[in-house]
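See below for the structure under consideration.
Only this structure's heavy atoms are used, side chains among them; waters, hydrogens and symmetry mates stay out. Just so it is clear: chains get the letters A, B, ... in the order the sequence lines come, proteins before strands, and each one is counted from 1.
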Amino acid sequence: MTKRLNILVTTAWPYCNGDLHIGHIAGAYLGADIFARYQRLRGHNVLMVSGSDTHGTPITVRAEEEGVTPREIVDRYHPRIIRLWQELGITFDLYTETDTENHWRVSQDFFLTHWKKGYIYKDVMRQWYCLTDEQFLADRYVEGTCPYCGFPEARGDQCDNCGRILDAIELKNPRCRICGGTNLEIRETEHFFLDLAKLNEPLLEWIREDKEHWRPKVLNYTRAQLESGELRGRPISRDITWGITVPVPGYEHKRIYVWYEAVIGYFSATVEWSNIVGEPDAWKTWWKDPAARTYYFIGKDNIPFHTIIWPGMLIGYGDLNLPYDVPANEYLNVEGRQLSKSRRWVIEVLDVLERYDPDPWRYTLAAIMPEAGDVNFTWEEFVRRNNDELVATWGNLANRVLNFAYRNFDGRVPQPGPFDDLDTALLRASEEAFDTVGRHIDAVQIRAALREVRRLAEEANKYLNVKEPWKQIKGNREAAATTIYVALQVVDRLKVLFTPFLPFSSQKLHEYLGYEGNIMGRQWTEEIEEEQKKHLVLRYDGSDIPVRWEPSTLPPGQQLRKPKPLFRKLDPSVAEEEVERMLRMASGR
RNA sequence: GGCGGCGUAGCUCAGUGGUAGAGCAGGCGGCUCAUAAUCGCCGGGUCACAGGUUCGAAUCCUGUCGCCGCCA
């Protein structure tokens, strides 16, 4: 292989206030996993990290609604998110969370470094203060009448009726969301600001060079923002009690704003991983080596945080690698409607994995991944892709070849005779697929990559129909042996090509082909104890995977295992039933 | 109001300068090893509309219409 690269794969940190739906998976996590699995098979030095975002108002609001602490909300959903990664096979080397001593320490170090280097300044803000509760009310903790449209229940940061972004002090008839009272006044409060204006020029320099591999949409948006020269300071502290404390003497009662601290997780998680594996400096491999590449898999709503704010923070901190690529995806709609938790229009992953296997989901979501524009998921398409593409084209190919070998060649890989042109052409196509598919994944074109793998499976089916080994076996056993040998060889290679996309079924096929070993890698959870706190993490080890991203060679004579179908066919009626089920949920019945 | 995207066969979409493509759905045929799976053939589109650049435009430019985002 070529040069061994250090590749850091990261994904957006999900808010830990609920279960994840298929939009999250298609938007960020599945693409990241396919990319990471492929790069590991290539032999590159991959580290994939992420974690649960435990701070921020989505968590505290949820906690207050239920009358529990934010930490209790985190303790409920964090393990569920981890279980989802395990069930769907999303292979984080470390999936952690933000309420850890490690993350506090690293975030406060960022804050102090920015502060000392002059990238943070202090300023006075005017905010609502509740005299009853004796505290400032951060954006969502105050409600009132929208000054633009008159909507009486506008939130402090935004009006849900007209969609405008609001400054809370503009609200008319403000109410406190904690006590419900109206005993409010505007007070001045001091806050810290990240001086993005100062980072505008360095960011422009960075964005101008060596970005040909970026998606045009991401690059154009980022350039337009930076070239407008309008970056302004953004507050990074708040008057709340849940979050990381501001590490400046006299300001310990304030908390670091979640947007500033959450992105630091990309870095802090690699530090935590280094400590867990007992090599405290290992993180430098991905952050200090200029040839290392960092990929951020996110949804489009997160673009400015990853192409402007976080790179700016890294520049301000100094001497850490900036993003190599930010392959942001668009949105996945379901049955023509936007996914929405509040409107109960969701397909939750843990829920559907109770009824369906993980690989059909991985397959369908990879096949329609919203890389170029918004896409529409329908249950009908899910069933069709499962039945026509997974079951019929790929699963059936593997099954028919394995069965034939199992019955006619004593359950062994037959010894081939001389190859004819058809044999050679198919074998060559299977070799070349590693290049073409690999190039697509390298460019983070997951859909195109999967299309190419499927194309090879179709070619193999055609090959069998032309060669007709079921006829050959009657008169010319050696010819049939050659055909089945070639077909088995290609099935074995398709197994590898499909592994990043369909790890569970490739593992089964690996065993049917008579191999030993685990080609998916192992995932496990671990409780990490720090000085005061404990937290749950998910880990991964793929170091003993016995296959590589290269044409495999199945040895003649290898004993096969009795094959079973790789995928289950779905009755077309399930599409209707599932849509019906969603409509019931949405209407609250 | 500003910025951006999209509008290609019945459906879902691919295709960024050189004689319109895939899958599905529909029709016909072959095969029977395989989860009635597979393979071949056929029909079907003024590439939203109108101008322009070009020897040549779905592809570049301008405008119009429609849909959708983001921002103000």
Side-chain angles (χ1 to χ4, degrees), chain A residues 148 158-159 162-167 215-228 230 232 299-305 307-308 328-333 335-338 357 360 364 367-409 414 422 440 445 447-452 454-455 457-474 480-481 483-484 487-488 491 505 512 563-572 575:
Chain A
Y148 299 99
Q158 185 172 23
C159 172
C162 66
R164 279 175 211 265
I165 305 291
L166 305 176
D167 186 342
R215 293 186 179 168
K217 197 173 251 181
V218 178
L219 189 56
N220 290 342
Y221 175 83
T222 304
R223 282 198 171 137
Q225 292 283 309
L226 291 173
E227 279 164 8
S228 77
E230 289 169 359
R232 281 175 298 182
K300 65 176 167 186
D301 52 325
N302 256 326
I303 291 173
F305 280 100
T307 63
I308 295 173
N329 278 345
E330 314 265 326
Y331 289 145
L332 178 106
N333 298 317
E335 303 289 346
R337 291 158 65 172
Q338 212 167 64
D357 293 327
T364 301
I368 65 171
M369 196 166 277
E371 294 171 326
D374 291 354
V375 298
N376 186 33
F377 171 95
T378 64
W379 279 98
E380 198 184 338
E381 179 170 17
F382 173 72
V383 172
R384 186 190 68 71
R385 293 230 182 232
N386 180 75
N387 290 353
D388 294 351
E389 298 182 5
L390 268 188
V391 174
T393 303
W394 169 224
N396 182 54
L397 169 67
N399 197 232
R400 69 196 292 209
V401 174
L402 280 163
N403 255 304
F404 198 93
Y406 201 81
R407 288 198 188 145
N408 294 292
F409 292 100
L422 281 172
H440 281 305
Q445 295 163 349
R447 290 209 297 185
L450 183 54
R451 220 171 10 240
E452 286 299 321
R454 186 175 64 236
R455 184 168 300 171
E458 285 164 359
E459 262 190 75
N461 274 318
K462 286 176 195 165
Y463 165 85
L464 286 172
N465 278 44
V466 174
K467 299 280 279 194
E468 300 182 304
W470 48 92
K471 284 185 181 167
Q472 292 176 313
I473 192 78
K474 288 171 185 161
T483 300
I484 292 305
L488 278 170
V491 165
S505 39
Y512 298 154
K564 281 180 285 187
L566 288 178
F567 309 100
R568 286 185 301 140
K569 195 164 172 166
L570 296 173
D571 192 288

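- Rounded to whole Å, the distance from CD1 on A/Ile484 to C1' on B/A34 is 11 Å.
- Taking the side chain as every heavy atom from C-beta outward, A/Leu566 and A/Asn399 never approach each other to under 4.5 Å.
- Under the 6.0 Å distance and 45° angle rule, A/Lys300 counts as a cation-pi partner of A/Tyr331.
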For a quick check, with a 4.0 angstrom heavy-atom cut-off, what is the B/S/- contact string for nucleotides 4-15 of chain B, read 5' to 3'?
-S-------SS-
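- From A/Lys474, atom NZ reaches atom CG of A/Asn408 across 10.5 Å, with rounding to the nearest 0.5 Å.
- Computed from coordinates, the A/Phe409 CZ to B/C33 P distance equals 14 Å when rounded to whole Å.
- Of the listed nucleotides (B/U35, B/G69, B/A34), B/G69 has the atom at the smallest distance from the side chain of A/Lys300.
- Of the C1' atoms belonging to B/G43 and B/G51, the separation is 35 Å, rounded to the nearest Å.
- Taking the C1' atoms as reference points, B/G27 lies 16 Å from B/A9, given to the whole Å.
- At the heavy-atom level, A/Pro565 lies under 4.0 Å from base atoms of the strands shown.
- Across B/G45 and B/U62, the matching C1' atoms stand 26 Å from one another, rounded to whole Å.
- Of all heavy-atom pairs spanning A/Val375 and A/Arg447, the tightest one is CG1-NH1, 4.3 Å.
- Interatomic distance, OG of A/Ser505 versus CG of A/Asp357, reported as 9.0 Å (0.5 Å rounding).
- In plain terms, the two heavy atoms of A/Asn461 and A/Ala392 that are nearest each other are ND2-O, 4.5 Å.
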Just the table, please: protein N/O against nucleotides 20-30 of chain B N/O, every pair under 3.5 Å.
residue	atom	partner	partner atom	Å
B/G30	N2	A/Asn465	ND2	3.2

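- If you take CD on A/Gln445 and CE on A/Met369, they are separated by 12.5 Å, rounding to the nearest 0.5 Å.
- Annotation: B/A22 and B/C33 have their C1' atoms spaced 28 Å apart (nearest Å).
- Atom CG in A/Leu219 sits roughly 16 Å away from atom C1' in B/C3 (whole-Å rounding).
- Counting any heavy atom pair closer than 4.0 Å across all strands shown, A/Leu397 reaches no nucleic acid atom.
- Rounded to a whole Å, the OH atom of A/Tyr221 is 12 Å from the C1' atom of B/G69.
- Judged by distance alone, the side chain of A/Asn220 and the main-chain N or O of A/Pro216 form a donor-acceptor pair under 3.5 Å.
- In this structure, the side chains of A/Arg454 and A/Trp394 stay at 4.5 Å or more apart for every pair of heavy atoms.
- The aromatic ring of A/Trp470 is stacked on the base of B/C33, with the two ring centres less than 5.5 Å apart and the planes inclined by under 30°.
- If you take atom P in B/U54 and the same atom in B/C61, they sit 16 Å apart, rounded to whole Å.
- Counting only Watson-Crick or G-U wobble pairs whose defining distances are both under 3.5 Å, the stems of 3 or more consecutive pairs in RNA chain B are B:1-7 with B:65-71, B:10-13 with B:21-24, B:26-30 with B:38-42, B:48-52 with B:60-64.
- Taking atom P on both B/G44 and B/G30, the two are 24 Å apart, rounded to the nearest angstrom.
- Between the side chain of A/Asp374 and the main chain of A/Asn333, no donor-acceptor pair closer than 3.5 Å is present.
- A distance-only check finds no donor-acceptor pair linking the side chain of A/Asn386 to the backbone of A/Thr364 [under 3.5 Å].
- Remark on RNA chain B: of its neighbouring residues A/Ala224 and A/Pro216, the 5'-side contact belongs to A/Ala224, judged by nearest-heavy-atom nucleotide.
- With B/U35, B/U32, B/C39 as the candidates, the nucleotide lying closest to the side chain of A/Lys471 is B/U32.
- Looking at heavy-atom distances under 4.0 Å, A/Arg407 makes contact with sugar-phosphate atoms alone, never a base.
- Residue A/Lys462 is in sugar-phosphate contact alone, with no base atom involved, counting any heavy-atom pair closer than 4.0 Å across all strands shown.
- Closest-nucleotide positions on RNA chain B for A/Asn461 and A/Gln338 were compared, and the one nearer the 5' end corresponds to A/Asn461.
- Within 4.0 Å (heavy atoms only), A/Tyr331 reaches no atom of the nucleic acid at all.
- What separates OH of A/Tyr463 from C1' of B/C39 is a distance of 15 Å, to the nearest Å.
- Salt-bridge annotation for A/Arg455 and A/Glu458: absent, with no side-chain N of the basic residue lying under 4.0 Å from a carboxylate O of the acidic one.
- If you take CG of A/Leu566 and C1' of B/U35, they are 11 Å apart, rounded to a whole angstrom.
- A/Asn302 places its CG atom 14 Å from the C1' atom of B/C70, with the value rounded to the nearest Å.
- Residue A/Leu464 holds its CG atom at 6.0 Å from CH2 of A/Trp470, rounded to the nearest 0.5 Å.
- If you check distances only, the side chain of A/Asn396 never reaches the base of B/A37 with a donor-acceptor pair under 3.5 Å.
- Look at CG on A/Leu226: it is 18 Å from P on B/C3, rounded to the nearest Å.
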